[in-house]
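Keep in mind that the numbers below use all heavy atoms, side chains included, and drop hydrogens, waters and symmetry copies. Just so we're on the same page: letters track the sequence lines, and every chain starts at 1. Values in this document were obtained by computation on a predicted structure and should not be read as measured data.
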There are 2 protein chains.
Amino acid sequence: MAKTIAERADVVPLLAEVFREYGFDGASLSVIGERTGLGKGSLYHFFPGGKEEMAAAVLQEIDRWFEAEIYKPLREATDPRAAIDGMLRAVDDYFRSGRRICLVGAFALDNVRDRFAAAVKGYFAEWRSALASALERAGCSPDLAHALAEETVVAIQGALVLARALDDTAVFARSIEATRAKLAAAIDHKH
Amino acid sequence: MAKTIAERADVVPLLAEVFREYGFDGASLSVIGERTGLGKGSLYHFFPGGKEEMAAAVLQEIDRWFEAEIYKPLREATDPRAAIDGMLRAVDDYFRSGRRICLVGAFALDNVRDRFAAAVKGYFAEWRSALASALERAGCSPDLAHALAEETVVAIQGALVLARALDDTAVFARSIEATRAKLAAAIDHKH
DNA sequence: TAAACTATGGAACGATCGGTACAATAGAGG
DNA sequence: CCTCTATTGTACCGATCGTTCCATAGTTTA
């Protein structure tokens, strides 16, 4: 196939960054054009549905990434404890220690939430259930596993908000570390 | 003075609700006009600075409310433990058990963050420090008090994100309850 | 090489944006 | 009743929004 000038798959990560930076409404076609280096013709060629399809593609790519790098290991790893540590490391990396925003979380608070409600809900529901699965396999009771998983996702999202608001990545680092310690303690005591 | 037809103070809460619902960019002057019942003439009479001044007034009103209802009691109450319980009750009430958004948190994730950076940062910094003050007076060490305060604010913000994303107020309720239990335990053990 | 398909840039469209100007109106004080 | 100022509705502005459309350049297939 050699060298197509641009592929839809190449554009999606750029779109993700633009939406993260400007939000859905703030990401105008003009800035999208600048950042992707594509004209409107190309953008509408790849995404006939316009901005909505672009955002949907971004959310799908995010879901694909989390499924492969986070959820699947949590659900399937033979060593659930290592998988949980791996998740926290991957999360710290993915969100750049709090410098990067969670686009799905931002959408949840935005007025576009209703438009992408299914994707937003699925993202968090999957995360919570995958983590709960790992915790159960690590010895936690179903109730405790579910509670801990929910608290963990809550802490990550809250830490992203606070780190961004206070412009202080240390907030995120502390929250991840506290979460890690709490999960480790729960697993050790094996309630 | 008697009966002026409308007061700036009457409009601010309506503006707050509009910004919560539509975000800063999404809150167009036309929907603001609808929801407040005011024409552009009146709006620009009360807020010569336009939307930016409207949002600033809303943030100031939010700060005023939290200062009076949350921060001050935390800092000054003779019974800090009761003040903390009161805070959690007030928070649950204010955010309507997770149905209502934290506008400041939403701004923090939005692209308007830079414009209101000072107000956003102040909001969270004050909250954290006021809560830490109460925890210290309840017997916690300064380090522990600061850590617990930060974790609490993180949990509240994260719970708002998740509750909204999953469209499930139970998430918020559980998070508040878990936070309450954790703070109570920390105070009882008096590290 | 000719035809067919993909990719690209940019002009143009109607709609709506935030903001301004201004004339009409309403109450309050004399 | 008149005057004055505060308040309000509305017409309008330039800019920008998302989208459509089309001519054309590039690539693949016949």
Side-chain angles (χ1 to χ4, degrees), chain A residues 1-59 103 106-107 110-116 119, chain B residues 1-59 103 106-107 110-116 119:
Chain A
M1 53 113 60
K3 38 143 56 175
T4 33
I5 302 170
E7 294 251 6
R8 195 181 131 123
D10 302 329
V11 185
V12 174
L14 299 173
L15 289 175
E17 227 48 49
V18 175
F19 281 128
R20 252 185 261 275
E21 236 175 87
Y22 295 89
F24 183 78
D25 287 326
S28 68
L29 265 277
S30 69
V31 327
I32 291 175
E34 280 179 24
R35 296 281 291 262
T36 59
L38 263 49
K40 299 184 180 183
S42 303
L43 288 170
Y44 272 84
H45 175 69
F46 291 128
F47 308 94
K51 272 178 75 174
E52 182 131 358
E53 187 173 343
M54 299 179 205
V58 166
L59 289 177
L103 185 62
F107 274 19
D110 199 276
N111 62 321
V112 298
R113 180 190 67 140
D114 296 341
R115 263 196 276 192
F116 304 104
Chain B
M1 40 105 83
K3 37 141 60 176
T4 33
I5 301 170
E7 294 252 5
R8 196 181 130 122
D10 302 328
V11 185
V12 173
L14 299 174
L15 289 175
E17 226 49 47
V18 175
F19 282 127
R20 253 184 260 272
E21 234 173 272
Y22 294 88
F24 183 78
D25 286 327
S28 68
L29 284 186
S30 68
V31 328
I32 292 176
E34 280 179 23
R35 297 281 291 262
T36 59
L38 263 50
K40 292 187 181 185
S42 304
L43 288 170
Y44 273 84
H45 175 70
F46 292 127
F47 308 95
K51 271 178 76 174
E52 183 130 357
E53 187 173 342
M54 297 181 208
V58 166
L59 289 176
L103 185 63
F107 273 20
D110 198 275
N111 62 323
V112 298
R113 180 191 67 138
D114 296 340
R115 261 196 277 193
F116 304 103

Chemist: Give the rounded distance in Å between these two atoms: CG of B:Leu43 and C1' of D:dT7.
Modeler: 12 Å
Chemist: Any salt bridge linking A:Arg35 with A:Glu17? Criterion: basic side-chain nitrogen under 4.0 Å from a carboxylate oxygen.
Modeler: no
Chemist: Taking OP1 and OP2 of D:dT16, is either one under 4.0 Å from a side-chain nitrogen or oxygen of A:Ser30?
Modeler: no
Chemist: Are any of A:Lys40's side-chain N or O atoms less than 4.0 Å away from OP1 or OP2 of C:dG9?
Modeler: no
Chemist: Any side-chain heavy atom of A:Leu38 within less than 4.5 Å of one from A:Phe46?
Modeler: yes
Chemist: Starting from C1' on C:dG9, measure out to CG on A:Leu29 and report it in whole angstrom.
Modeler: 14 Å
Chemist: Can you tell me the distance, in whole Å, between the NZ atom of A:Lys51 and the P atom of D:dT19?
Modeler: 8 Å
Chemist: Please report the distance, rounded to the nearest Å, between CZ in B:Phe46 and C1' in C:dT20.
Modeler: 18 Å
Chemist: Heavy-atom distance under 4.5 Å between the side chains of A:Glu21 and B:Asn111, does that happen here?
Modeler: no
Chemist: Rounded to the nearest Å, what distance is computed from the CZ atom of residue A:Phe47 to the C1' atom of nucleotide D:dT19?
Modeler: 16 Å
Chemist: CG of B:Leu38 versus C1' of C:dG18: gap in Å, rounded?
Modeler: 17 Å
Chemist: Does C:dA7 have OP1 or OP2 sitting under 4.0 Å from an N or O in the side chain of A:His45?
Modeler: yes
Chemist: Can a side chain N or O of B:Ser28 be found less than 4.0 Å away from OP1 or OP2 on C:dC17?
Modeler: yes
Chemist: Return the 5'-most residue of the pair A:Gly41, A:Asp25 with respect to DNA chain D, ranking by each residue's nearest nucleotide.
Modeler: A:Asp25
Chemist: Mind checking if A:Gly50 touches a base, just sugar-phosphate, or nothing, with heavy atoms under 4.0 Å?
Modeler: sugar-phosphate
Chemist: What integer distance in Å separates A:Tyr44:OH from D:dC21:P?
Modeler: 12 Å
Chemist: Mind calculating the distance between OH (A:Tyr22) and P (D:dC17) to the nearest angstrom?
Modeler: 11 Å
Chemist: Could you check A:Val31 against B:Ser42 and say which one's nearest nucleotide on DNA chain D is further toward the 5' end?
Modeler: B:Ser42
Chemist: Tell me, please, which residues at least two apart from A:Tyr44 pass ring pair (Phe, Tyr, Trp, His ring centres under 6.0 Å).
Modeler: none
Chemist: Describe, in one word, how the ring planes of B:Phe19 and B:Phe107 are oriented to each other, choosing from parallel (under 30°), tilted (30 to 60°) and perpendicular (over 60°).
Modeler: perpendicular
